[in-house]
Amino acid sequence: MKTWMKWAIGVAVVVVLGVVGGPFIYINFIKDDPPERFALEDAAAATTSPDPAPAATSGSTSAPGGDAVPADGAVDGAWVVDPGRSAVGYRVVEVLFGQDTEGVGRTSEITGSMTIAGTQVTEASFEVDMATVTSDERRRDAAFRGRIMDTENFPTATFVLTSPIELGDIPADGVPITASATGDLTLRGTTRPVTFDVQAQKNGEEIQVVGSTDIVFADFGIPDPSGPGISTQDHGLLEFDLRFVPA
């Protein structure tokens, strides 16, 4: 009987160590660290190009979007998202058998534009292809596209600005601006008003805008992302890094 009890206790200890220690080893020694949150680029690095475009001769500089950026730094007019340099995604805290980690998914499949007049962003709208959001885990991505976000029936997420964004000053190269953006956010077919802080910076012929907002899943009809062995909080971070060029 004593031998049997020792054997049973030993098996239980091994199981516990496997359940707790396995995820610990995976998270801390095998799994890649989640990408850092989006932040404004260093202004000097962002405006340094390995192959600068020829200088314009008419008092303006050429822009990747096709139109010219006035040499005086004015930013009035329409700007469009450069998807090759932009990203939108989510960040959610996951607990894997008692061990905390972060799940992060992102996509560059973004379209959108904004219009600047003086010191205001007067219009802005964006659309994201949710089926292209990927993380470092295929099982997480499958759950995201299926049960969680149901991208077959709700393939896109959108944001439409409903109030002008007050910039305070006309953006100058390398000078960060913090502002608030208010608009209608649509996720999984549900639209709700949101307000969040953004940071913006003009880097030569590009305007970078970064920001995030906390999303309570139930507010948008998003099912609890938790699964077998993995639990999540009831909210997550929607984050973005948008690079704009003249339309």
Side-chain angles (χ1 to χ4, degrees), residues 26-27 30-41 80-96 100-114 124-161 181 183-199 208-245:
Y26 171 73
I27 291 170
I30 299 175
K31 184 179 185 294
D32 291 336
D33 291 335
E36 295 182 359
R37 295 190 180 188
F38 294 125
L40 294 177
E41 271 192 15
V80 295
V81 172
D82 178 358
R85 302 250 305 141
S86 301
V88 172
Y90 67 83
R91 183 179 297 269
V92 63
V93 175
E94 297 176 335
V95 181
L96 177 61
D100 287 0
T101 184
E102 276 190 322
V104 179
R106 291 177 175 173
T107 180
S108 292
E109 294 298 321
I110 312 154
T111 58
S113 64
M114 68 175 177
S125 62
F126 309 96
E127 183 174 286
V128 179
D129 182 350
M130 298 299 284
T132 63
V133 175
T134 56
S135 68
D136 62 345
E137 280 286 341
R138 286 183 296 177
R139 286 175 296 181
R140 182 193 292 123
D141 296 341
F144 178 87
R145 290 190 292 267
R147 176 180 70 85
I148 298 171
M149 296 305 295
D150 189 9
T151 59
E152 183 175 350
N153 292 305
F154 308 105
T156 61
T158 61
F159 175 81
V160 179
L161 190 70
D184 289 335
L185 176 66
T186 301
L187 293 173
R188 208 179 190 274
T190 298
T191 301
R192 294 182 62 90
V194 295
T195 297
F196 49 92
D197 290 335
V198 297
Q199 286 187 302
Q208 180 187 13
V209 179
V210 299
S212 62
T213 185
D214 197 53
I215 299 297
V216 176
F217 300 136
D219 288 349
F220 289 87
I222 299 172
D224 182 357
S226 300
I230 300 176
S231 62
T232 69
Q233 296 178 339
D234 64 353
H235 60 95
L237 205 64
L238 185 156
E239 54 185 1
F240 54 88
D241 179 356
L242 302 177
R243 310 300 180 100
F244 293 89
V245 293

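Start at 1 with the first residue, then count along the sequence.
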Specify the closest pair of heavy atoms between [X] and [Y], including all atoms of both residues, with the distance to one decimal.
X      : Y      : result
His235 : Asp214 : ND1-OD1, 3.0 Å
Ser135 : Arg140 : OG-NH1, 3.1 Å
Ile110 : Pro83  : O-CB, 3.7 Å
Pro193 : Asp184 : CA-OD1, 3.8 Å
Val81  : Ser86  : CG1-OG, 3.5 Å
Gln208 : Ala39  : NE2-O, 3.1 Å

Take a 6.0 Å sphere around CZ of Arg147 and say whether it holds more than 12 heavy atoms from other residues, nucleotides or ligands.
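Counting other residues, nucleotides and ligands, CZ of Arg147 exceeds 12 neighbours.
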Return yes if some donor-acceptor pair links the side-chain N/O of Ser226 with the main-chain N/O of Thr232 below 3.5 Å, else return no.
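Indeed, once roles are kept as given, a pair shorter than 3.5 Å links the two residues.
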Is the Phe240 ring parallel, tilted or perpendicular to the Phe196 ring (thresholds 30°, 60°)?
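If you compare the ring of Phe240 with that of Phe196, the planes turn out perpendicular.
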Measuring from atom [atom1] of [X] to atom [atom2] of [Y], what distance do you get when rounded to the nearest 0.5 angstrom?
X      : Y      : atom1 : atom2 : answer
Arg106 : Asp241 : CZ    : CG    : 8.0 Å
Leu237 : Tyr90  : CG    : OH    : 12.5 Å
Ile222 : Asp150 : CD1   : CG    : 11.5 Å
Thr190 : Phe154 : OG1   : CZ    : 7.0 Å
Arg145 : Thr132 : CZ    : OG1   : 9.0 Å
Met149 : Phe217 : CE    : CZ    : 9.0 Å

Could you tell me if the side chain of [Y] sits less than 4.5 Å from the side chain of [X], heavy atoms only?
X      : Y      : value
Ile215 : Leu185 : yes
Leu242 : Val88  : yes
Arg37  : Val210 : no
Glu137 : Glu94  : no
Phe144 : Met130 : yes
Glu239 : Phe38  : yes

Under the criterion salt bridge (charged side-chain N to carboxylate O under 4.0 Å, His left out), I'd like the reasoning laid out for Glu102 against Arg91: C-alpha separation, chi angles, the key distance, then a yes or no.
CA-CA 7 Å; Glu102 276 190 322; Arg91 183 179 297 269; 3.0 Å; yes
Asp141 and Thr134: side-chain donor and acceptor closer than 3.5 Å?
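Note: Asp141 and Thr134 side chains miss the donor-acceptor criterion.
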